[in-house]
Chemist: 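Below is one structure. I have some questions about it.
Each chain gets a letter, A, B and so on, in the order its sequence line appears, and its residues count up from 1. Side chains are part of it too, since the values below use all heavy atoms of this structure and drop only hydrogens, waters and symmetry mates.
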Amino acid sequence: MDRYEHGKIEKKWQQKWEENSAYVTKDSVQGQENFYQLFEFPYPSGNLHVGHWYAFAIPDIVARYKRMQGYNVLYPIGFDAFGLPAENAAIKRGVNPREWTYDNMDHMRSQMRSMGASFDWSREVVTCDPAYYKWTQWLFLQLYKNDLATHAQVSANWCPSCKTVLANEQVVDSKCERCESAVEKKQMQQWQIGITKYADRLIDDLDELDWPQEIKTSQKNWIGRSDGAELEFQIADADYRLKVFTTRPDTLYGVTYMVVAPEHRIIEDLESRISNLEEVQAYVETAAVKSEIDRTNDTKEKTGVKLEGIAAINPASGQEIPVYVADYVLGGYGTGAIMAVPAHDERDFAFAKKYDLTLIPVIDNGFDGSEATTIHSSIIHSEEFDGMDSEEAKSAIVKKVGGKMTKTYKLKDWTVSRQRYWGAPIPIIHCESCGPQAVPENQLPVVLPDVEDYLPNDEGRSPLSKVASFVNVSCPKCTEDAKRETDTFDTFMCSSWYFLRYCDSQNADAFADLEKLSSWMPVNHYSGGAEHTTMHLLYSRFFTKALADLKLLPDTVKNGEPYTRRMNRSLILGPDGNKMSKSKGNVIDPDDIVKHLGGDTMRLYLAFIGPYNEVGAYPWNPESIIGVRRFVERVWRLQDKVSTTVSVDDSVEREVHSALKRLTESIETYKLNTGVAAMMQLLNVFDKQEHIDKDHLKIFLSMLTPYAPHLCCEMWEVQGFDGDATNQQWPEVEHAKLVAKEMTLIVQVNGKVKDKITLPSDLDDAALERAARSSTKVQKFVDGKEIHKVIVVKGKLVNIVV
RNA sequence: GCCUUGGUGGCGGAAUUGGUAGACGCGCUGGACUCAAAAUCCAGUUGUAGCAAUACAGUGUGGGUUCAAGUCCCACCCGAGGCACCA
């Protein structure tokens with residue numbers, strides 16, 4: 001057999017697949033079930049890196065496997081093409097962001113070809129294409145018309161360096177996720193999506209999903225629901241009530257003071273009554289200047305100022321208590337005010353200690369005697385509630401003071417406007433007399449105009465505000481002069497529905513046809529990066545729920561959940577165990593690997609590197625991939641041993657089917673590494689034989705095809721098998737062939753292995769026991785001792801207990 | 001601090017869900033081929049003791065359940081990820 005020339009062979013088959021449009025997917029095929037395999041579409045950064053390969057190649061193996069199993073598989077590709085890097089390149093190097101983006105996509109497409117991925121390019125989606133963002137705009141307007149999008153004055157996260165607003169999810173440790181400048185709070189008019197209206201359903205519907213626990217938990221924590229009550233405290237001698245949220249209304253009698261956040265409006269509302277107003281205002285100012293970092297990073301030393309001249313009345317006890325302003329209470333959570341229970345809350349305790357405030361213990365923790373593990377908490381110092389179980393007391397006390405049980409969330413509404421150029425324009429027209437107006441649907445898309453200057457201005461208005469021809473329009477309602485919204489959408493808006501567009505990417509009349517959506521949605525398998533757990537993954541879940549409620553999605557999308565099964569993939573690290581980065585010089589270039597070892601080797605190596613369905617980090621091992629290449633070459637050389645006249649050995653037959661069984665299971669569970677191992681093991685079996693049966697080679701090639709499609713197609717052709725390797729039925733496990741005539745009996749004494757005996761596999765328990773007892777090795781341990789018990793596990797082992 | 005995950009050879013990782021711990025690969029050791037090297041092939045490779053057969057120990061630590069525990073239960077230690085002055 002000639003040397004295996006991956007370069008030639010891989011190019012040949014890639015060309016063939018392209019010429020035959022081999023992976024163009026029909027919406028339905030008679031007798032086949034549809035299967036939707038999705039991964040997060042890439043940002044066109046310019047170069048395919050190892051992470052992209054890992055993201056696309058492994059799902060491709062699954063897609064190819066599912067096709068061979070008889071499914072009609074949709075495995076689409078596209079580009080998440082709006083976003084900051086294009087714009088930064090424009091500002092830095094004066095290039096046109098559109099050209100930059102389209103050049104990058106061209107380059108990446110040609111790189112992707114080298115993966116041998118079975119993408120359906122005819123459904124490609126590019127979010128910066130007006131034919132796509134027309135529908136992003138249209139979908140936004142549906143949300144707007146249904147009160148799920150609002151233009152509101154909000155305290156926005158402002159990045160002074162990017163000069164734009166960020167969503168909460170894009171602020172990491174109070175820094176801009178992208179440029180790491182300290183994020184400031186700024187009061188601004190922003191477009192917001194009402195994701196909080198879906199908070200409960202976004203939590204509750206998780207239960208039904210076949211998702212890893214860590215993703216569900218992350219989303220739950222992020223949404224941060226807590227159950228509690230809203231209570232009102234009367235301010236003494238004033239017609240004013242201070243509302244608080246608490247999860248522990250049972251501790252109401254222990255409330256000895258109250259705290260409001262620095263931004264709480266009571267300070268303004270009762271200004272005239274606060275006798276130390278100057279001191280209070282000074283405190284409020286310092287708190288506002290303090291960045292989020294200072295506020296959370298200091299040694300948690302609490303500060304605050306008493307509002308002199310103001311007292312609140314504890315609604316349960318009638319006691320007058322002081323009110324403080326302190327920045328340990330957050331303006332944006334709950335009601336921005338708390339009732340402080342220093343006896344039972346660590347933070348309140350620290351504050352009370354510092355300012356010498358009273359403690360009243362109201363909870364008595366004790367064991368109730370019946371079960372040692374159950375702590376029984378009862379109420380004390382609480383008048384008629386004394387002795388009551390604290391859980392019961394919650395609702396009873398809320399009822400007494402006329403409060404109401406309620407829930408509160410950490411999740412905030414999603415700010416989607418960005419003061420940047422390279423994004424989809426927000427399809428709104430501002431009219432002085434009519435207010436914000438939706439751009440009429442027949443005028444969509446609102447096309448992003450070309451500009452000369454990509455810099456936002458210093459007040460944080462988008463570069464579009466400088467384009468008079470874009471800005472000045474007439475109001476769609478009153479036809480008077482009006483101005484276009486000049487902010488653009490956050491890219492997460494564009495990526496919240498791309499998987500719907502794949503179902504019908506060329507549709508000019510709708511974002512997607514309902515019928516076509518129903519043939520593909522929901523997505524069967526969705527894989528992506530863990531960093532999107534509380535961003536894209538949450539936004540897109542919200543999006544489909546909202547669209548489902550607006551009757552824009554078919555019934556197949558149950559609960560409005562877009563993804564049946566989701567997994568977060570691991571990270572591939574550099575050979576030194578660090579994250580790949582140019583500065584560390586540990587970057588593996590996939591183009592190099594393809595050139596020297598081949599795309600098939602790369603695919604197999606990535607499959608072999610570890611399980612795909614667990615979040616972890618795998619260092620790239622340059623020696624290990626050589627081992628995989630060795631495997632590929634050995635497979636190729638297998639052809640020297642092929643014979644049609646071998647007498648088929650039972651044990652070889654068994655190995656074939658047991659490998660097939662393991663391989664099949666490994667793909668279903670995304671533990672593709674064990675599948676590769678099964679094939680390597682089978683190859684070892686083949687290699688020990690003088691000749692191998694041609695039918696066995698055929699099964700082996702079918703098994704390997706999803707992993708190494710080029711190699712297998714070539715060998716399939718060379719061997720003269722019918723058709724194309726990629727179009728074959730997945731071979732069936734013949735269970736009869738898995739049954740061995742002989743078995744290895746494990747013989748244990750007191751649970752420790754002492755002997756292994758080869759026996760016919762059809763012996764009954766008594767015969768197995770006899771065989772075990774007669775083993776000389778066993779007798780050594782048993783002699784002279786009384787046998788208490790013998791355990792026989794059929795077909796496996798005998799354990800003799802002495 | 002809370003939540004979620006993990007912890008197995010020199011390394012990446014297997015283990016049919018309670019039944020042979022370390023599959024497969026890398027690396028390493030020895031051998032064959034070669035003038036030599038590379039490539040390839042063969043054998044070995046958890047530790048300790050032994051020339052060996054073999055024996056004992058062994059899945060983060062300590063207990064427990066069981067004929068039998070990497071796997072189940074309890075307590076603790078360490079790593080990774082998420083949340084974090086969230087009332």
Side-chain angles (χ1 to χ4, degrees), chain A residues 173 212-226 228 244-248 251 259 261 295-298 300-302 326-330 332-341 344-348 350-351 373 408-411 530-531 533-534 568 577 604-605 608-611 614-628 630-631 633-634 637 658 661-662 665-666 671 673-684 687-688 744-756 777 780 788-793 795-802:
Chain A
D173 290 337
Q213 191 53 45
E214 73 250 14
I215 303 182
K216 294 187 183 185
T217 311
S218 263
Q219 291 205 346
K220 277 186 197 174
N221 288 346
W222 183 260
I223 296 167
R225 174 166 69 193
S226 51
V244 301
F245 174 78
T246 177
T247 53
R248 296 299 303 273
T251 61
V259 187
R295 209 165 145 166
T296 53
N297 247 17
D298 58 22
K300 308 229 161 137
E301 170 75 10
K302 295 195 171 30
D327 65 5
Y328 82 90
V329 170
L330 308 173
Y333 181 78
T335 62
I338 62 155
M339 55 179 232
V341 187
H344 300 291
D345 181 282
E346 248 181 82
R347 296 153 297 174
D348 297 344
F351 190 82
T373 49
T408 189
Y409 306 87
K410 287 191 227 171
L411 183 72
E531 70 275 18
T533 301
T534 56
N568 283 351
L604 274 162
Y605 174 63
F608 192 51
I609 202 165
E614 286 167 22
V615 190
Y618 304 117
W620 181 273
N621 185 337
E623 276 158 344
S624 194
I625 190 171
I626 299 289
V628 172
R630 267 202 288 262
F631 166 75
E633 287 181 18
R634 283 173 65 203
R637 286 200 302 267
S658 114
K661 182 166 179 272
R662 283 169 60 199
E665 287 163 358
S666 78
K671 295 183 165 192
N673 52 331
T674 63
V676 179
M679 288 188 284
M680 288 173 164
Q681 213 171 342
L682 182 55
L683 178 68
N684 290 343
D687 261 350
K688 289 214 163 58
T744 304
L745 181 74
I746 305 302
V747 186
Q748 300 180 328
V749 177
N750 290 344
K752 291 186 179 181
V753 180
K754 296 299 175 193
D755 201 3
K756 299 171 189 182
K777 287 175 188 163
K780 235 167 72 184
H788 295 293
K789 204 175 189 180
V790 179
I791 312 272
V792 182
V793 181
K796 261 190 194 139
L797 66 74
V798 173
N799 185 13
I800 299 170
V801 185
V802 294

Chemist: If I take atom OG1 from residue T674(A) and atom CE from residue M679(A), how far apart are they, to the nearest 0.5 angstrom?
Modeler: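 These two atoms lie 9.5 Å from each other.
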Chemist: Using the P atom as the reference point in each nucleotide, state the distance between U17(B) and A53(B) in Å, no decimals.
Modeler: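 Result for the P pair: 34 Å, nearest Å.
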Chemist: Considering only atom P, compute the distance from A23(B) to U16(B) and round it to an integer number of Å.
Modeler: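 Pairwise P distance, A23(B) against U16(B), rounds to 15 Å.
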Chemist: Among all residues two or more places apart in sequence or in another chain, which pass the ring pair (Phe, Tyr, Trp, His ring centres under 6.0 Å) test with F245(A)?
Modeler: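 Scan of F245(A) (ring pair (Phe, Tyr, Trp, His ring centres under 6.0 Å), adjacent residues dropped) gives none.
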Chemist: To the nearest Å, give me how far apart CD (E665(A)) and C1' (A14(B)) are.
Modeler: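 Result: 14 Å.
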Chemist: To the nearest angstrom, how far is F245(A) atom CZ from A87(B) atom P?
Modeler: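 Atom-to-atom, F245(A) to A87(B), this comes out as 7 Å.
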Chemist: Checking all strands, does R225(A) fall into the base, sugar-phosphate, or nothing category for heavy-atom contacts under 4.0 angstrom?
Modeler: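 R225(A): no heavy atom of the nucleic acid under 4.0 Å.
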Chemist: For G30(B) versus G81(B), give the span between their P atoms, rounded off to a whole number of Å.
Modeler: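 Approximately 41 Å lies between the P atom of G30(B) and that of G81(B).
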Chemist: Of all residues at least two apart in sequence or in a different chain, which pass the salt bridge (Lys or Arg N to Asp or Glu O under 4.0 Å) check with E633(A)?
Modeler: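 Only R629(A) meet the salt bridge (Lys or Arg N to Asp or Glu O under 4.0 Å) criterion with E633(A).
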Chemist: Return the value, rounded to whole Å, for the distance between atom CD of E614(A) and atom C1' of U4(B).
Modeler: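 It is 14 Å, rounded to the nearest whole Å.
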Chemist: Would you please name every residue forming a salt bridge (Lys or Arg N to Asp or Glu O under 4.0 Å) with R662(A), sequence neighbours left out?
Modeler: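 Listed in chain order: nothing, the list is empty.
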Chemist: By salt bridge (Lys or Arg N to Asp or Glu O under 4.0 Å), which residues pair with K777(A), not counting sequence neighbours?
Modeler: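 D755(A).
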Chemist: Whole-Å distance between C24(B) P and R662(A) CZ?
Modeler: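 Going from CZ in R662(A) over to P in C24(B) covers 9 Å.
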Chemist: Please report, rounded to the nearest Å, how far the C1' atom of U40(B) is from the CD1 atom of I626(A).
Modeler: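 Those two atoms, CD1 and C1', are 15 Å apart.
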Chemist: Between the protein and nucleotides 27-30 of chain B, which nitrogen or oxygen pairs are less than 3.5 angstrom apart?
Modeler:
residue : atom : partner : partner atom : Å
G27(B)  : OP2  : R630(A) : NH2          : 3.4

Chemist: Crowded around K216(A) NZ? As in, over 12 foreign heavy atoms under 6.0 Å?
Modeler: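 Check passes, neighbour count above 12.
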Chemist: Quiz question: going by heavy-atom distance under 3.5 Å, is there a donor-acceptor pair between the base of C85(B) and the side chain of K302(A)?
Modeler: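 A donor-acceptor contact between them is present.
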Chemist: With syn defined as a glycosidic torsion within 90 degrees of 0 and anti otherwise, which applies to U40(B)?
Modeler: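 Anti conformation for U40(B).
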Chemist: Sticking with atom P, work out how far U71(B) lies from G63(B), rounded to a whole angstrom.
Modeler: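 To the nearest whole Å, 15 Å.
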Chemist: Would you list the protein and nucleotides 53-56 of chain B atom pairs, both N or O, that sit under 3.5 Å from each other?
Modeler:
none

Chemist: When Watson-Crick pairs (N1 to N3 and N6-O4 or O6-N4) and G-U wobble pairs (N1-O2 and O6-N3) count only below 3.5 Å on both distances, what is the dot-bracket string of RNA chain B, with | for other-strand pairs?
Modeler: (((((((..(((......[....)))((((((.......))))))((((....))))..(((((..]....))))))))))))....
Chemist: Sugar-phosphate atoms are those with a prime plus P, OP1 and OP2; base atoms are the rest. Using that split, label each nucleotide of nucleotides 16-22 of chain B B, S or - for protein heavy atoms under 4.0 Å, 5' to 3'.
Modeler: ---BBS-
Chemist: Would you tell me if any nitrogen or oxygen in the side chain of Y328(A) comes within less than 4.0 Å of OP1 or OP2 on A87(B)?
Modeler: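 Checking Y328(A) against A87(B): no side-chain N or O falls below 4.0 Å of OP1 or OP2.
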Chemist: Can you check the R634(A) CZ to G25(B) C1' distance for me, whole Å?
Modeler: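 R634(A) atom CZ is separated from G25(B) atom C1' by 11 Å.
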Chemist: How far, in whole Å, is A39(B) from A32(B) if one measures between their C1' atoms?
Modeler: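 It works out to 14 Å between them.
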Chemist: K780(A): what forms a salt bridge (Lys or Arg N to Asp or Glu O under 4.0 Å) with it, not counting sequence neighbours?
Modeler: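 Counting only residues at least two positions away or on another chain, K780(A) forms no salt bridge (Lys or Arg N to Asp or Glu O under 4.0 Å).
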Chemist: Is the base of G27(B) syn or anti, where syn means the angle lies within 90° of 0?
Modeler: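 With its glycosidic angle more than 90° from zero, G27(B) counts as anti.
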Chemist: Would you list the protein and nucleotides 5-13 of chain B atom pairs, both N or O, that sit under 3.5 Å from each other?
Modeler:
residue : atom : partner : partner atom : Å
G12(B)  : O2'  : I609(A) : O            : 3.2
G13(B)  : O3'  : N673(A) : ND2          : 3.3

Chemist: Going by the angle between their ring planes, with limits at 30° and 60°, are F351(A) and Y328(A) parallel, tilted or perpendicular?
Modeler: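 Plane angle between 30° and 60°, so tilted.
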Chemist: Return the CE to CZ distance between M339(A) and R248(A), rounded to the nearest 0.5 Å.
Modeler: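 It comes to 9.0 Å.
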Chemist: For U34(B) and G79(B), measure between their C1' atoms and round to the nearest Å.
Modeler: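 Comparing C1' positions in U34(B) and G79(B) gives a spacing of 49 Å.
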Chemist: Separation of Y333(A) atom OH from A84(B) atom P, in whole Å?
Modeler: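 In whole Å, A84(B) P lies 12 Å from Y333(A) OH.
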Chemist: When the C1' atoms of C76(B) and C83(B) are considered, how many whole Å apart are they?
Modeler: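 24 Å, rounded to whole Å.
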Chemist: Closest heavy-atom contact between Y618(A) and P611(A)?
Modeler: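 Result for this residue pair: OH-O, 2.8 Å.
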Chemist: Is a side-chain N or O of Y605(A) found less than 3.5 angstrom from the main chain of N621(A), in a donor-acceptor match?
Modeler: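 The answer is yes, because a donor-acceptor pair under 3.5 Å joins these two groups.
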Chemist: Please classify the nucleic acid contact of N684(A) as base, sugar-phosphate, or nothing, using heavy-atom distances under 4.0 Å.
Modeler: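 The answer is sugar-phosphate, as N684(A) gets under 4.0 Å only of primed atoms, P, OP1 or OP2.
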Chemist: My understanding is that only residues two or more places apart in sequence, or in another chain, count here; which of them pass side-chain contact (heavy atoms from CB on, under 4.5 Å) with E214(A)?
Modeler: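 side-chain contact (heavy atoms from CB on, under 4.5 Å) check on E214(A) returns P212(A), V615(A).
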Chemist: Rounded to whole Å, how long is the line connecting atom CE of M680(A) with atom P of A23(B)?
Modeler: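 One finds 14 Å between P of A23(B) and CE of M680(A), rounded.
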Chemist: Can you tell me, in whole Å, how much space there is between the P of G6(B) and that of A55(B)?
Modeler: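 Roughly 36 Å separates the two P atoms.
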Chemist: Looking at E346(A), I want to see if its CD is surrounded by more than 12 non-hydrogen atoms of other residues, nucleotides or ligands under 6.0 Å.
Modeler: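 For E346(A), atom CD is not crowded (no more than 12 foreign heavy atoms under 6.0 Å).
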Chemist: Kindly determine whether H788(A) and N750(A) satisfy side-chain contact (heavy atoms from CB on, under 4.5 Å), including the steps that lead there.
Modeler: CA-CA 10 Å; H788(A) 295 293; N750(A) 290 344; over 6 Å; no
Chemist: Could you say whether R248(A) or N750(A) is positioned toward the 5' end of RNA chain B, judged by the nucleotide with the nearest heavy atom to each?
Modeler: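 That would be N750(A).
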Chemist: By side-chain hydrogen bond (donor to acceptor under 3.5 Å, both in side chains), which residues pair with T533(A), not counting sequence neighbours?
Modeler: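 Counting only residues at least two positions away or on another chain, T533(A) forms a side-chain hydrogen bond (donor to acceptor under 3.5 Å, both in side chains) with N568(A).
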